[in-house]
Amino acid sequence: MKTPRKQTHAEIAADIVAAIDASDLKAFGRKLRAWYRKNARDLPWRKTRDPYHILVSELMLQQTQVSRVIDYYDRFLTRFPTLRHVAKAPVGLVLEQWEGLGYYARARNLHKLARTVAPAHAPDGTLPSDPTLLRELPGIGAYTAGAIATFAYEKRAPLVDTNVSRVLLRVFAPEHSPKTAVGQRLAWALAEATLPERGGMAAWEHNQALMELGALVCGARVALCERCPQRGHCEFLARELRIGATSE
DNA sequence: AAAGCGGGGAT
DNA sequence: ATCCCAGCTTT
């Protein structure tokens, strides 16, 4: 009997996802998107597919609440209408527009990115649409690469942020925490597995909806399970109630 | 795997 | 007082 090799995190995640009924994955997505169409907020970056605008919004939104970004987003795009305008400006002017937002490395990275990309790519300073290529740019990690691919180009790309990992793990693997390495791998595997078959509007909407559900219903502090489209199909509420019941 | 990066808002 | 937020980079 061979001593079984310890499974990698990715293998553990793959096994868990493989054990989930495919029809459950599909049903999750259908309900999620139907809910989104009725409940989505009207956010400025949801009205555009301009890759540069999406880029600015995603960079600003890194570890920063939506409500605090909106004004900065509008002001920044007025001051720098295209990626070329960013590339042309000295870093100081870009940082000036960022003043008060925090995490100023984001602004420096945006400036560096602009000077890298604008000459190399299309006339308007267009960004690549492939997450792997996007990942190579300064300030763009796994999440932001997926976000640009799907929100600007409507590609069928998974993305996982704090909202998405919380929602997906609560629904499909409530025993796993987003804070662990396995939890993160699992969240990405679930994000991939729940994506609609086709790209285009469905993929765009699906990813927006995942984040919107995490922001409006499936919160970190409070879960408004009675308003959730997955109510009845999610183990999270039952699990919390069980724990609550035993501890009181 | 863990620390560092900002600061406002919610609990 | 603590946790959380459309995370990424460096150690």
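Quick note on labels: first sequence line is chain A, next is B, and so on, each numbered from 1. For the numbers below, each heavy atom of this structure counts, side chains included, while hydrogens, waters and symmetry mates do not.
- Each of A:Leu101 and A:Ala181 was matched to the nucleotide of DNA chain B holding its nearest heavy atom; the match closer to the 5' end belongs to A:Ala181.
- Aromatic ring centres of A:Trp45 and A:Tyr73: separated by under 6.0 Å.
- Nucleotides C:dC8 and B:dG8 have their P atoms positioned 23 Å apart, rounded to a whole Å.
- Ion pairing between A:Arg37 and A:Glu205 holds under the 4.0 Å rule for side-chain N and carboxylate O.
- Looking at residues two or more places apart in sequence or on another chain, you find a side-chain contact (heavy atoms from CB on, under 4.5 Å) between A:Pro81 and A:His85.
- Separating the C1' atom of C:dC4 from that of B:dC5 is a span of 16 Å, rounded to the nearest Å.
- Using atom C1' as the reference point in both C:dC3 and B:dG6, the two lie 15 Å apart (nearest Å).
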Going 5' to 3' through nucleotides 4-11 of chain C and flagging B where a protein heavy-atom sits under 4.0 Å of the base, S where only the sugar-phosphate is that close, and - otherwise, we get SBBBSS--

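- Across the protein-nucleic acid pair, A:Tyr72 atom OH and B:dG6 atom P stand 14 Å apart, rounded to whole Å.
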Take A:Phe80 and A:Tyr52, measure what ring-ring contact (aromatic ring centres under 6.0 Å, His included) needs, and give me the verdict at the end. CA-CA 10 Å; A:Phe80 302 106; A:Tyr52 165 63; 8.5 Å; no

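- Note on A:Glu212 versus A:Arg46: salt bridge recorded, some NZ/NE/NH1/NH2 to OD/OE distance being below 4.0 Å.
- In this structure, A:Arg75 satisfies the cation-pi test against A:Tyr72, with its NZ or CZ atom closer than 6.0 Å to the six-membered ring centre and inside 45 degrees of the ring normal.
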